[in-house]
Each structure stands twice: as C-alpha cells, then as structure tokens.
Number of protein chains: 4
Amino acid sequence: MGTDSGQGARASAGPARRRGPSPEKTARTRAQVVQAAMAEFLDQGYSAATMAGVARRAGLAKGTLYLYFPTKEALFAGIVRDIVTNPLQEAEAQAIGAEETVADYFRRTLVPVMRRIESSGRAAVARLILAEGARFPVLAEVYREEVFHPLVDHIRLHAARAIARGEPGGEILARHPHLLIAPLWVGMVNNGVIAPDRPLDIGAMFEASLDLIFR
Amino acid sequence: MGTDSGQGARASAGPARRRGPSPEKTARTRAQVVQAAMAEFLDQGYSAATMAGVARRAGLAKGTLYLYFPTKEALFAGIVRDIVTNPLQEAEAQAIGAEETVADYFRRTLVPVMRRIESSGRAAVARLILAEGARFPVLAEVYREEVFHPLVDHIRLHAARAIARGEPGGEILARHPHLLIAPLWVGMVNNGVIAPDRPLDIGAMFEASLDLIFR
Amino acid sequence: MGTDSGQGARASAGPARRRGPSPEKTARTRAQVVQAAMAEFLDQGYSAATMAGVARRAGLAKGTLYLYFPTKEALFAGIVRDIVTNPLQEAEAQAIGAEETVADYFRRTLVPVMRRIESSGRAAVARLILAEGARFPVLAEVYREEVFHPLVDHIRLHAARAIARGEPGGEILARHPHLLIAPLWVGMVNNGVIAPDRPLDIGAMFEASLDLIFR
Amino acid sequence: MGTDSGQGARASAGPARRRGPSPEKTARTRAQVVQAAMAEFLDQGYSAATMAGVARRAGLAKGTLYLYFPTKEALFAGIVRDIVTNPLQEAEAQAIGAEETVADYFRRTLVPVMRRIESSGRAAVARLILAEGARFPVLAEVYREEVFHPLVDHIRLHAARAIARGEPGGEILARHPHLLIAPLWVGMVNNGVIAPDRPLDIGAMFEASLDLIFR
DNA sequence: GATGAATGAGGATTCATTCAT
DNA sequence: AATGAATGAATCCTCATTCAT
C-alpha cells in the first residue's frame with residue numbers, strides 16, 4: 001500500500017540493463033517479506049507481532065524490511081490484501097447451469113470450498129479481522145469489499161434467481177442471505193479457537209443449512 | 001485464577017480489629033480494578049492494553065494494581081471469568097412449559113436475549129476471544145466451558161425433547177445444534193467489525209433460523 | 001516546556017500530605033535531568049547528543065528522562081531558557097550613577113562580566129546557538145529575545161544618554177551598538193574553537209574597544 | 001586528507017590504454033561528491049548529514065561515495081579545505097601602495113570583501129566551524145591556519161607598518177588586531193542565525209571600526 | 001567504476017514492574 | 001493499602017557500510 005517499488009512496466013524491450021541486484025531478486029525478497037509478515041501477523045496479531053519476528057521468519061535483517069515498507073503499520077496495511085484473498089472467488093466465478101437449481105448450484109460450487117476452508121489458515125484470518133478490524137479500519141474494509149459483500153451479493157443474486165424460477169427457499173434467502181454463510185463463522189470460531197480438538201464439520205453444517213433453506 | 005490475594009475467610013468473629021482499610025474498601029478497589037481492566041482489554045486487546053491505561057480508568061495508581069494482581073497476564077487471566085459471563089444464563093434457567101413446543105420455548109426465551117446481545121458489548125467480547133484465545137488458552141477454555149458448551153448442551157437437550165415429542169426439526173437440531181446459534185456469530189462479526197454502519201438484525205435472523213429448523 | 005509537574009502552588013497550608021516521593025525529590029531529579037542535558041547538548045550538539053548520554057550524566061535510567069520531557073526535542077527546547085540565561089542581567093540591573101559617564105558605567109559594569117564570561121561555558125553556549133539555531137529557530141529566538149536584543153537595547157539606551165550629555169562616542173555607538181559587543185564574539189570564537197590554547201583576553205579587548213569608541 | 005584514491009601521477013606518457021572511465025570522468029565524479037558533501041554538511045551539520053543525502057545531491061549511488069572516501073568522517077575531513085577557502089585571500093594578496101595609508105589600504109582592499117562576505121554562505125561555514133570544531137579539531141585547525149591566522153598576521157603586519165610610518169591607530173591595532181575583524185563575526189552571527197530578517201550592514205560596521213581605530 | 005539491496009549496530013521511545021515513602 | 005517516581009528490557013526505526021552484480 002504505497003511502497004510498491006514500481007515493477008511491472010518492463011515487458012519486451014530486450015534484456016534489462018540495470019546495475020546491481022536484479023529486479024527478480026528484489027521481487028523475491030519482497031515476496032519473502034510479505035510472506036513472513038503474513039505469518040507473523042496472523043500468529044501474533046498486530047501489536048504482539050514484531051519487526052524482528054518478521055525479519056527472522058523472512059531470513060532477512062531487520063533493516064531490510066524498511067526497504068520495502070516504511071513502517072510496521074505500512075507493512076500491515078500492505079499485506080492486508082494478500083491476507084484476505086477471497087477463498088470463494090473460484091466458486092463465484094462458476095456460472096450456474098441452465099437446468100441447475102440454485103440449491104444444486106450452491107451444493108456443487110460452495111460445498112467443496114467450505115470443506116477446504118479450514119486447512120488454509122482461514123481461522124487465523126478471521127481471528128485477525130476480528131481482532132484488529134476495529135483499530136485498523138482498512139482491514140475490515142478490505143475484507144468487507146473483497147470477501148464479505150461479494151459473497152453476500154452472490155447469494156442475493158441467486159436468491160432472486162430462485163424466486164424467479166419458483167424454487168422454494170428463494171424468499172427466505174433473499175431476506176436473510178447471511179443465514180447461508182452463518183455456519184461458516186460458527187465453524188471457524190469453534191474450530192479455530194473455542195475447541196480445535198473437537199472440530200465441527202463445516203461442510204456438513206453448510207449442507208444441512210442448504211437443505212433447510214431449500215426445503 | 002490463582003491470583004486472589006487471600007481475602008474471603010474472615011466474616012463473623014466479632015468486630016474487625018485491624019487498622020487501615022476495611023475488607024469492604026479492599027473489595028471495592030478490587031472491583032474497580034477488574035472493571036477498568038475489562039474495559040481496557042476489551043477496547044485494546046491484550047498486547048495493546050497497558051497497565052497505565054487500566055490504572056487511569058480505575059482512578060488508581062499503577063502500583064496499586066500490583067497489590068491485586070501480580071502481573072499483567074494474571075490480571076487478564078483474573079478477569080476472564082468476568083468477561084465471559086454467560087449472557088444466556090437466565091434464558092437457560094427458564095424451564096420449558098409442559099404444553100410448550102421446543103420452537104416456542106426457544107422463541108420465548110432466546111429471542112429477547114439475542115435482541116439484547118448487541119447492546120452490551122458482546123462484539124467486543126467475541127473479538128477478544130477470537131483475538132487472544134490462541135495465545136491465552138484459558139480464555140478460550142473459560143468461554144467454552146461457561147458459555148459455548150452450556151448453550152450447545154442446552155440446545156441438544158431440547159432437541160432430544162423435540163424428538164421425543166415428535167416435534168419436527170428435532171433430528172436436524174440434534175445433529176447440528178450449532179446451526180441455531182450460527183446467526184449470532186455472523187451477526188456479531190458483521191455488526192461489530194465488518195459493517196457496523198449496516199447492522200444485521202440478529203433477532204430477525206435467529207427467528208428465521210428457528211422457522212427453518214422447526215419447519 | 002510542557003512537562004512541568006505542577007510545583008509552585010503550595011506555600012503555607014501545613015505539611016504536604018502527598019503519598020510517594022516528595023516534591024523536593026522530584027524537583028531535584030528534574031534539576032539533574034536539566035543539568036545533565038545541558039552538559040550533553042553543549043558538548044555534543046543536538047544530533048550527536050544521546051538520551052543515553054544524558055541519562056548517564058544524570059545518573060538516571062533512560063526511561064526516567066521521559067517522565068520529565070516527552071521527547072529529545074522537548075528536552076532540548078525545555079533547557080534552552082536555562083542555557084541562555086542572560087549573563088549580563090546583573091550588569092543591566094545596575095543603574096548608572098548621576099555623575100558617571102557612560103564610558104565609566106560600561107567599564108564598571110560590563111568589564112567584570114566580560115572577564116568572567118569564558119569560565120562559565122559561554123563559548124559552548126554560543127557554539128550551540130550558532131550550530132543549531134538554524135534547525136531550531138526557538139533556540140535562536142530565545143537567545144535573541146533574552147540575551148542579544150536586551151543587551152543591544154541596553155547599549156542603545158546609554159548611547160542616547162551619552163549624546164544627551166554631550167559625551168563623545170555617543171553618536172557612533174548609537175549608529176553601531178553592535179560594535180561594542182563585537183570583541184565578545186571574536187573572543188568566544190577564538191577561545192572556544194579556533195585556538196583555545198592561545199586565548200584572547202576578552203576583557204582587554206573590550207576595554208580597548210571602549211577606549212576607541214569614547215575617545 | 002589522506003583519502004585521495006591515488007590518481008594524479010599519470011599525465012604524459014602517450015595515449016592512455018585503459019578501459020573504462022577516463023581520469024577526467026573520475027575527477028568529475030569526485031568533484032560532484034565533494035560539492036554535494038559540502039552542501040550537505042553545511043546544511044545539516046556533521047551528525048545530521050547523511051551519506052544518502054550526499055549521494056542524492058550528487059546524483060550518485062550511495063556505494064559510489066565509498067569509492068572516493070572510505071568513511072563519512074573521511075569525507076568530512078576531505079572537504080574541510082574546500083569548505084574553508086579563505087575569502088580574503090585576494091585582499092591579502094594585494095600589496096599596499098607606497099603612498100597609501102594603512103587605513104586607506106584596508107578600506108580599499110577589505111571593505112569590498114566584507115560587503116560580499118554574506119552572500120556566499122559564510123554564515124553556514126561559521127556555523128559549521130563553531131558547531132563541529134570541537135569534535136573535529138582538523139576543521140578548526142584548517143580554518144585557523146588557512147583563514148584566521150593569515151588574516152590576523154596580515155593585520156599585524158600592517159599595524160607594524162602603520163607604527164613605523166607614524167600613522168595613528170597602529171599601536172592599538174598591533175595590540176588587538178582581532179578588533180578589526182570583530183564586526184565581521186557579530187555580523188555573521190546576527191545575519192546568519194540570530195536575526196536574519198534584520199541583517200546588520202557588515203561593510204558599514206567595518207568602516208566605522210576602521211574610522212575608530214585610525215582616528 | 002557504479003549500483004543499490006542488504007546488513008546490523010545504535011538510538012529514541014514505551015511500558016511492565018519495583019520500591020521508598 | 002496506596003502512591004508514582006524510577007527502572008531497564010524490549011521495540012521501532014535509521015543509517016553508515018558492504019558486496020554481489
């Protein structure tokens with residue numbers, strides 16, 4: 001967020017003639033920083049995270065971090081987008097089939113994602129959003145715009161479609177689209193923090209939720 | 001949490017003969033500390049909270065805090081119970097009527113609580129649990145034992161009752177009791193962090209959820 | 001400047017009833033800080049001075065400094081007034097005698113001050129003013145208002161008196177009051193930095209200057 | 001100052017046979033470095049000056065500076081001579097006329113220089129000398145040997161001449177040669193730091209001083 | 001020669017904790 | 001019991017210096 005070192009504008013035009021370290025090396029280092037920062041912030045939260053911790057994880061010196069991000073806060077802001085990449089993007093991208101009911105469509109596209117959602121540190125992300133969202137509005141904002149609202153809109157859209165087609169459940173889903181993703185949150189909360197040793201089956205809950213809504 | 005400074009076992013036995021502050025005064029001061037600490041930790045999270053901040057809120061000197069809790073961590077641990085007091089306790093305490101369906105029972109006892117849940121800083125509590133639960137297992141543990149499990153058990157119990165009585169929805173609720181409280185979490189997450197300016201009506205979502213489950 | 005711990009408003013009213021360290025102790029510590037900071041800044045200049053250096057000189061921990069001044073810059077600003085206390089104050093305070101010529105008056109009141117000016121670290125002060133005045137306008141400003149202008153005004157005033165009385169030298173002094181203090185500056189520069197091992201006799205130069213101006 | 005990277009002894013001897021940059025190029029780069037360093041040090045003082053700042057001003061990379069000077073301190077020492085170039089050199093070089101009084105000689109040769117002295121950043125130089133002279137004796141030393149003493153000796157020499165010729169003012173000038181340059185210092189101090197917005201007319205003060213000394 | 005990414009020691013500042021009063 | 005000045009370890013950040021390209 002503001003510290004991008006201006007890559008991107010070199011395409012054809014022959015071999016780069018730069019002195020010193022290659023842009024590739026720089027990009028790799030930057031990636032290391034981002035990677036390490038993500039891990040550190042997800043592990044520790046913003047306040048408890050230390051630049052030294054990030055540096056250690058990245059295998060770099062502390063000072064190096066400041067070549068890429070001017071402050072700890074900027075580093076945090078800079079990785080927010082990387083942290084909240086929408087896990088449902090691929091699901092949203094798939095179109096509904098002509099004959100397919102909305103229920104079947106959700107079952108086909110969303111259930112697999114829900115099942116996978118845990119393995120990839122989603123609980124940690126949720127934790128960070130909830131923990132720091134109040135003090136770093138940008139975090140909540142990015143999450144809202146990139147993940148939360150798109151998903152809810154996606155659901156609303158298909159709720160409308162269900163109504164149009166006369167499929168049951170459309171009405172209730174249009175009124176309370178959040179009900180569909182509610183199981184996701186209890187699941188992440190339970191599995192990530194409350195009782196990781198007795199995890200809930202988010203996929204199963206989601207399917208049950210689908211069954212309930214669509215009769 | 002092992003930090004109580006040993007009051008408590010002195011009650012009758014004639015008029016107290018000691019100089020200095022009365023036990024009442026001490027208890028009052030302790031209450032101030034706990035109160036202030038709760039506010040500070042809920043506001044700031046563990047790391048960002050400061051002992052100075054707690055002292056300021058309590059209207060006490062920093063040193064005084066250490067008369068009641070030996071470390072910041074102990075203070076945090078010491079107030080966990082106060083933080084997570086079960087907001088559903090009264091609801092759980094009410095018995096189901098002989099003629100009452102489980103659905104009606106939940107509607108009668110839980111909906112009002114759900115509606116009130118937001119006003120009393122519940123989102124802040126949720127935030128704290130999620131944020132610090134991983135690093136302070138005791139926090140997650142207390143929450144699990146005092147709030148989460150009791151509520152889920154309560155739901156399970158009445159799901160069994162619904163089955164026994166042949167009321168619809170019992171089966172699904174028995175298999176997925178968390179579904180009933182799922183709206184609570186999306187609601188708190190949305191209203192507390194994601195989009196406080198466009199709050200979800202948790203009560204309405206909960207009722208909708210009840211309707212779905214119990215037909 | 002801004003961190004004064006509010007002494008001053010306690011006069012009669014019986015013994016102070018404060019808990020904790022006495023105000024006297026606090027005042028003494030503050031004095032230590034100021035003293036040490038003065039020495040450090042005069043020795044090292046602003047940039048090269050370190051808070052650790054100040055703490056060491058004061059015999060205090062680093063953190064303690066921050067109880068009295070919130071930043072290094074504030075500490076610097078806070079001692080500027082102490083640093084530039086007008087060394088000529090007593091001289092200016094003495095009134096000219098009814099029969100006394102202005103030349104004699106200056107000889108009586110200023111020469112002793114000039115002779116003493118070196119011993120009391122005045123060169124170090126001048127050095128600091130010149131060195132940091134550009135980057136810390138407040139420093140130059142305080143020096144100008146507290147020392148430089150008062151002295152020049154004092155000279156101008158008595159130049160006018162000399163003119164009124166028909167004493168020689170008044171005219172030239174009125175036109176160039178700075179000429180009278182010029183020897184002070186070459187002297188301080190020479191003795192403080194250029195050739196401390198071959199100091200100029202500022203008193204003698206000043207007297208010679210007086211002789212020249214007043215014939 | 002012992003930092004020259006060993007150019008200089010290669011001149012005739014046929015066409016140079018080396019690859020890479022010519023000695024001219026090197027010399028030019030070195031000049032850029034010196035120029036930039038002077039500006040940076042005069043602006044910021046030694047401690048606050050940064051190698052990055054010098055590099056930026058020079059339009060070079062940081063690493064390049066180290067090809068010419070091994071350390072920041074060496075760079076500073078290396079430019080001291082450039083910083084303190086004697087502004088009075090030309091004046092001192094001019095011989096006194098056979099019929100010319102010493103007073104007239106000084107008026108002819110020194111006044112113009114004095115009038116010009118302000119425009120060329122002399123205050124900055126004085127500031128640097130005073131600020132860093134104590135910690136970088138070489139700075140004071142060079143200034144003393146290149147500027148201060150030559151000028152004072154020049155004055156002494158002509159004071160002796162004035163005495164020999166029976167011109168008035170010779171005695172006093174011989175005893176206090178620094179009196180003649182005193183106005184210069186108050187002037188630079190006032191105009192450079194104390195009150196740049198109300199500058200003193202150094203030329204006028206110097207002339208007045210000449211008038212006083214030579215009757 | 002020139003570059004600038006990488007380094008890490010050093011400096012300002014914060015804050016949990018102690019202790020004399 | 002209560003105070004708050006004092007402490008110093010820990011943290012963020014800067015910058016002189018190095019070195020692979």
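So you know, we letter chains A, B, ... as the sequences are listed, proteins then strands, and number each from 1.
DNA chain E is contacted by both A61(A) and G59(D); G59(D) maps to the nucleotide lying nearer its 5′ end (nearest heavy atom per residue). The nearest heavy atom of DNA chain F to A48(A) and to G63(C) marks one nucleotide each, and the one closer to the 5' end goes with G63(C).
Side-chain N/O atoms of T29(C) include one lying less than 4.0 angstrom from OP1 or OP2 on dA6(F). The phosphate of dA2(E) (OP1 or OP2) has a side-chain N or O of Y68(D) nearer than 4.0 angstrom.
Regarding F69(A), its CZ atom lies at a distance of 16 Å from the P atom of dC12(F), rounded to whole Å. One can place CE of M51(D) at 14 Å from P of dT3(E), the figure rounded to the nearest angstrom. Distance, L65(D) CG to dG1(E) C1': 13 Å, rounded to whole Å. Taking atom CD on E73(A) and atom C1' on dT11(F), their separation rounds to 15 Å, with Å as the unit. Rounded to whole Å, the distance from CG on L67(D) to C1' on dT17(F) is 12 Å. In this entry the distance linking CZ of F41(B) with P of dC15(E) reads 13 Å, nearest Å. The nearest whole Å value for the distance from the CG atom in L60(B) to the P atom in dA2(F) is 7 Å. Separating the CG atom of L75(A) from the P atom of dT11(F) is a distance of 16 Å, rounded to the nearest angstrom.
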### Message
Using salt bridge (charged side-chain N to carboxylate O under 4.0 Å, His left out), reason through R135(C) and D43(D) one step at a time and then give a plain yes or no.
### Response
CA-CA 9 Å; R135(C) 261 163 305 163; D43(D) 259 34; over 6 Å; no
### Query
What do the steps show when you test V80(C) against F136(C) for side-chain contact (heavy atoms from CB on, under 4.5 Å), and what is the final call?
CA-CA 10 Å; V80(C) 161; F136(C) 294 92; over 6 Å; no
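Within the shown strands, dT3(F) is the pairing partner of dA20(E) under the Watson-Crick or G-U definition, both distances less than 3.5 Å.
Residue T71(B) has its side chain nearest to dT17(E) when only dA12(E), dT7(E), dT17(E) are considered. Taking the side chain of T64(A) as heavy atoms from C-beta on, and the options dA5(F), dT7(E), dA16(E), the nearest nucleotide is dT7(E). Taking only side-chain atoms of Y66(C), from C-beta outward, the nucleotide of dA6(F), dT14(E), dT17(F) with the closest atom is dT14(E). The side chain of T26(D) sits closest to dG1(E) out of dT17(F), dG1(E), dT14(E). The side chain of K72(D) approaches dA16(F) more closely than any other nucleotide in the set dA5(E), dA2(F), dA16(F). Side chain of K62(C), nearest nucleotide from dT3(F), dA6(F), dT13(E): dT13(E). With distances taken from any side-chain atom of T50(B) to the nucleotides dC13(F), dT13(E), dA16(E), the minimum falls on dA16(E).
Under a 3.5 Å cut-off, the side chain of T64(A) and the backbone N or O of L60(A) do not form any donor-acceptor pair. Listed for the E40(A) side chain is a donor-acceptor partner under 3.5 Å among the backbone atoms of T50(A).
Taking the centre and axis of the six-membered ring of Y46(A), the NZ or CZ atom of K72(A) falls inside the cone set by 45° and 6.0 Å.
Among the heavy atoms of the strands lying under 4.0 Å from A49(C) are primed sugar atoms or P, OP1, OP2 only; no base atom is included.
For Q35(C), the CD atom is loosely surrounded, since the number of other residues' heavy atoms within 6.0 Å does not exceed 12.
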